[in-house]
There are 2 protein chains.
Amino acid sequence: MTPPDVLEAFVGLDGVVIDTSPLAVESARADKSGHRSNSAPLAVAYATTVEGVQELMRLATAHQIPVVTRGGGSGLAGGAIGQDGEIVLSLERMNQILEISVEDRLARVQAGVINSDLLAAAGEHGLWFAPDPASRQWSTVGGNIATNAGGLLCAKYGVTRESVLELSVVLADGRLITTGHRSVKGVTGFDLTGLFIGSEGLLGVIVEATVKLLPISPHPVWTLAARFGDIGGATTACQSITGAGHTPAIMELVDSISLHHIHNYLDLPTPPDAEVLLIAQADGSDANEQIAIFAGLCEVAGGSVVTSAEGPDADALLHLRRSMHPAMERLGQVLIEDVSVPRSQLGAMFEEIRKIERERAVLIPTVAHAADGNLHPNFIVDGDEVPDHIWDAADELFRRAIALGGTLTGEHGVGLLKRRWLVDELGDDQWQLQRDIKSLFDPQGILNPGKVFTH
Amino acid sequence: MTPPDVLEAFVGLDGVVIDTSPLAVESARADKSGHRSNSAPLAVAYATTVEGVQELMRLATAHQIPVVTRGGGSGLAGGAIGQDGEIVLSLERMNQILEISVEDRLARVQAGVINSDLLAAAGEHGLWFAPDPASRQWSTVGGNIATNAGGLLCAKYGVTRESVLELSVVLADGRLITTGHRSVKGVTGFDLTGLFIGSEGLLGVIVEATVKLLPISPHPVWTLAARFGDIGGATTACQSITGAGHTPAIMELVDSISLHHIHNYLDLPTPPDAEVLLIAQADGSDANEQIAIFAGLCEVAGGSVVTSAEGPDADALLHLRRSMHPAMERLGQVLIEDVSVPRSQLGAMFEEIRKIERERAVLIPTVAHAADGNLHPNFIVDGDEVPDHIWDAADELFRRAIALGGTLTGEHGVGLLKRRWLVDELGDDQWQLQRDIKSLFDPQGILNPGKVFTH
């Protein structure tokens, strides 16, 4: 059958709305990475029920039609974008919170629930959902799970994986399985829940999840901002805070180029040339004492410190960090990288970034989740396509992060944009084993083909 | 070749010591579950190097010899016992702590390191290793990982999975892969680290691990013991503590039959008939305030409470709980079950256990990790073999735990003893998918055959 004929078969399905409008298929060509596919997908299929997803996958299997599962479209690696011949399966209309249990501290949600909607609903019960990607306001819980999303709070509260108890997954052929447990503990068989988390739509379609919620602390959060004359002082401060056994809720490092542009964006006075900013938050019953200790360690490392209890002053400090992305976007198209290194290598990784800048004559404004060693180096690009010399610089970045004991992606995933480096990090044997797992779950190769693995 | 000829090939390997002495092969027939295999394995192979394990697996693949990987032999499900025709690969001589990093809060260890040895070594650096199975003094870190072991501290500090960063694994054919990252975060490809954790020796031989360590808190731990006139008051207290958003470091519930036998074992006065004991610990900067709140909630639920700061009094309270197993062992051979239910179902599960006792005319003394809903019902058996009527009662137990949203094993694993119930919990489709994963990693079926899956 020709593609339009095949699509005909999908149009009548219960629980799925097929949209072939230019608006729908064009927007499914891109995500927040800046990357666009070369062509539009056949259609966007909006699922409204689990059974609809099952029917769609049965048909897709029968007709060997590739299916790209998509949540809020907030990905940063091109992992959920569609192209010619593919159906983009959007779960954003499956957005029901099915249950919140205070006693069991969990929520059962459809995959399309927006992260911040779950946060708000949990808040009414004195609970909160820990995964806090910057895309929280528009990314879906299913997408957070499919990418094992991180955020600012990971060093203390873990990545998405630590918040997932149970998954309902539609397999490539339309069968539905449930993995994991509603109970806190469970070791029955292999951990397929963990395998689906971060699998970027390659192994199945996550349609529902049971996730952990945490009690909201009654104690006020304390915030610290420290400005340092150079990056070395700031990374020393970070390493002495974590090295002394402290776990800040948040610890964000903004390098001097980034800080310059953020000040510019916010119409603040231009900071001194090499000045960098460290923002830390502490929570819990001794938040105030923790912040005082962090402040002391920052001052020892040469930082100039202000601290603040919860309120507008603290919000203003964090707003500086949150303005990073809009400040970068004013400069051009932004390619956000995502290397992660052991905490002890944070300073070394910043040095490597500065070396790459000099060697490649390219600026790499960088922010870091400093408590867990995850850095986001930004490349500013003219136009849609990332030019080769930028990819060459990124290539250097990945190699040096891996050499420091780290990884090419801490929380954004591989998607399309990092697949060519995957084998460098995994090694041939593990890469092949992972490909074999993919083939086992998806023998026809219809689930998000071409993502994560090169051929 | 006949088995002795095959064994000849293994004898000359570097990095492996082959032991065919009756003492070695007889002890490898059993673990701490009380179960013994019908026959002795061919040999115990003590590996001393990673390369030795690789060579052994290459030969095992060449000759299709089944290999059962074994740590401290502390398993409770028969998962690491050997039988006729099998080689038991013991990692207990690979017991080197390769590195402890304070800055990165991690340790790199060989798989055979005893859990409490790692704990002691970490302690010298102000750090500790959270997984605390009751077997801590003699179980290995590799075994903890292979079973995803739990313990008393899981509700607050997670199971073993939450403490593992990176694994070195020898595959069935002798190739060595390293999964995961030394960095805190990393999402490159599928989470094979998670897949190996809890895989009970079926997917590969875990030879080294990088594990997270936590800073030792400078604040004293507080302990509470509450005695209740019946189980209902105690489970109500547990559920009101966790339901109010508190997370005790430890919360252990000892039912009346267990308490009776523990008192007996410790030569304490016999407690009132239906009396049950709840022991809770709080840690952190507000441990004292937390314990005061727990005490209040226990009293509201009818408990009679004592509290204690760190010291001999607190140790004595916890000693009551730790005497459960020796107290049971005085009564006969003990089959320790391991169901886990959502926290809200703790009271309901205790009611189900009492119903099964009445229906089946069998006593089931039970202790529970009450903060996470994991119960250990004990069956006392005469002789080595578990009689059918006890398995029938256990069968009822598993079915009711699953019906309450729980699992047949919270932390001990499936091994030999629970494999016949695996499909009930996973469902046919997931069971088959898990078997297919096993076949992918081990196409000849030489890694711990017959465990976890029935044929």
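Because the structure is predicted, anything quoted here is derived from the model rather than measured. Within every chain, numbering begins at 1; the chains are lettered A, B, ... in the order of the sequence lines, protein sequences first and strands thereafter.
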Is chain B contacted by the side chain of [X], its backbone, both, or neither, given a heavy-atom distance below 4.5 Å?
| X | result |
| --- | --- |
| Gln434(A) | both |
| Thr193(A) | neither |
| Leu214(A) | neither |
| Thr179(A) | both |
| His412(A) | backbone |
| Asp372(A) | both |
| Lys438(A) | both |

What residue in [options] has the most heavy-atom pairs under 4.5 Å with chain B?
| options | answer |
| --- | --- |
| Thr178(A), Leu165(A), Ile177(A) | Ile177(A) |
| Pro215(A), Ala244(A), Ser344(A) | Ser344(A) |
| Gln345(A), Glu200(A), His246(A) | His246(A) |
| Gly243(A), Gly373(A), Cys154(A) | Cys154(A) |

Once rounded to the nearest 0.5 Å, what's the spacing between atom [atom1] of [X] and atom [atom2] of [Y]?
| X | Y | atom1 | atom2 | result |
| --- | --- | --- | --- | --- |
| Ile402(A) | Arg182(B) | CD1 | CZ | 15.5 Å |
| Phe441(B) | Phe190(A) | CZ | CZ | 8.5 Å |
| Leu192(A) | Gln430(B) | CG | CD | 4.5 Å |

Relative to chain A, which of [options] shows the most heavy atom pairs under 4.5 Å?
| options | answer |
| --- | --- |
| Ile197(B), Leu171(B), Leu203(B), Leu176(B) | Leu203(B) |
| Thr407(B), Leu408(B), Val414(B), Thr188(B) | Thr188(B) |
| Ala401(B), Gly427(B), Ser199(B), Gly284(B) | Ser199(B) |
| Asp191(B), Thr247(B), Val339(B), Val341(B) | Asp191(B) |
| Val102(B), Val452(B), Leu433(B), Leu426(B) | Leu433(B) |
| Gly413(B), Ala155(B), Gly189(B) | Gly189(B) |

| message | Under a 3.5 Å distance rule, please check whether Arg161(B) uses its side chain to pair with a backbone N or O of Glu162(A) as donor and acceptor. | response | no
| Within the distance-only criterion (no hydrogens, no angle test), does the side chain of Asp286(A) pair as donor or acceptor with the backbone N or O of Ser285(B) below 3.5 angstrom? | no
| said: Under a 4.0 Å threshold between the charged nitrogen and the carboxylate oxygen, would Arg175(A) count as salt-bridged to Asp429(B)? | reply: yes
Looking only at heavy atoms, what is the nearest atom pair of [X] and [Y], with distance?
| X | Y | answer |
| --- | --- | --- |
| Arg343(A) | Glu103(B) | NE-O, 3.8 Å |
| Glu411(B) | Lys185(A) | OE1-NZ, 2.7 Å |
| Gly406(B) | Ser183(A) | CA-OG, 4.2 Å |

| field | Derivation and outcome, side chain to side chain contact (heavy atoms under 4.5 Å, CB included), residues Thr147(A) and Val187(B) | value | CA-CA 8 Å; Thr147(A) 55; Val187(B) 291; over 6 Å; no
| Tell me, side chain or backbone of Leu202(B) under 4.5 Å from chain A's heavy atoms, or both, or neither? | side chain
| request: Could you tell me which portion of Asn148(B) (side chain, backbone, both or neither) has an atom closer than 4.5 angstrom to a non-hydrogen atom of chain A? | output: both
